[in-house]
Amino acid sequence: GNVKSGLRAYLVTFGVRARYPALKKLLQEYEKSTRFFTISSLTISLPEVKGMSSEDLINFDKDAIAATVSYRVYYLK
């Protein structure tokens with residue numbers, strides 16, 4: 001959308017499943033970017049196990065969390 005004259009923004013949303021230290025490190029890397037200015041939303045939850053196969057459940061990392069992150073990315077038009 002148009003933020004102000006010549007400055008535009010779009011939303012980037014992605015989901016990950018990781019242990020908290022790895023998730024925190026990933027978010028810190030995005031914060032270093034000169035194009036990612038604003039976290040629009042961050043949702044953290046326990047990963048969904050319903051519907052997983054037996055093999056996936058055996059390999060499931062019980063210490064992992066699921067996160068969905070939305071960043072607003074700004075650029076000049």
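Because only heavy atoms are used, hydrogens play no part in the values below, and waters and symmetry mates are left out as well, while side chains stay in.
- Side-chain atoms of S40 and L11, non-hydrogen and from C-beta on, do get closer than 4.5 Å to each other.
- For L23 against A67, the heavy-atom pair with the smallest separation is CD2-CB, 3.7 Å.
- Between L27 and V69, the closest side-chain pair of non-hydrogen atoms falls below 4.5 Å.
- Not counting sequence neighbours, the partners of F14 by the ring pair (Phe, Tyr, Trp, His ring centres under 6.0 Å) test are Y30.
- Counting heavy atoms from C-beta outward, I65 and R17 have side chains that stay 4.5 Å or more apart.
- In this structure, E55 has no side chain to side chain donor-acceptor pair (under 3.5 Å) partners at least two apart in sequence or on a different chain.
- Atom OH of Y20 and atom CG of D63 lie 14.5 Å apart (nearest 0.5 Å).
- Contact of the L7 side chain with the Y74 side chain is registered, since non-hydrogen atoms from C-beta on lie closer than 4.5 Å.
- In this structure, OG1 on T68 lies 9.5 Å from CD1 on I44, to the nearest 0.5 angstrom.
- Partners of T13 under the side chain to side chain donor-acceptor pair (under 3.5 Å) rule, at least two apart in sequence or in another chain, are S70.
- Between the CG atom in L46 and the NZ atom in K62 there is a gap of 12.5 Å [rounded to 0.5 Å].
- A chain of hydrophobic side-chain contacts below 4.5 Å, direct or via other Ile, Leu, Val, Met, Phe, Trp or Tyr residues, connects Y75 to V73.
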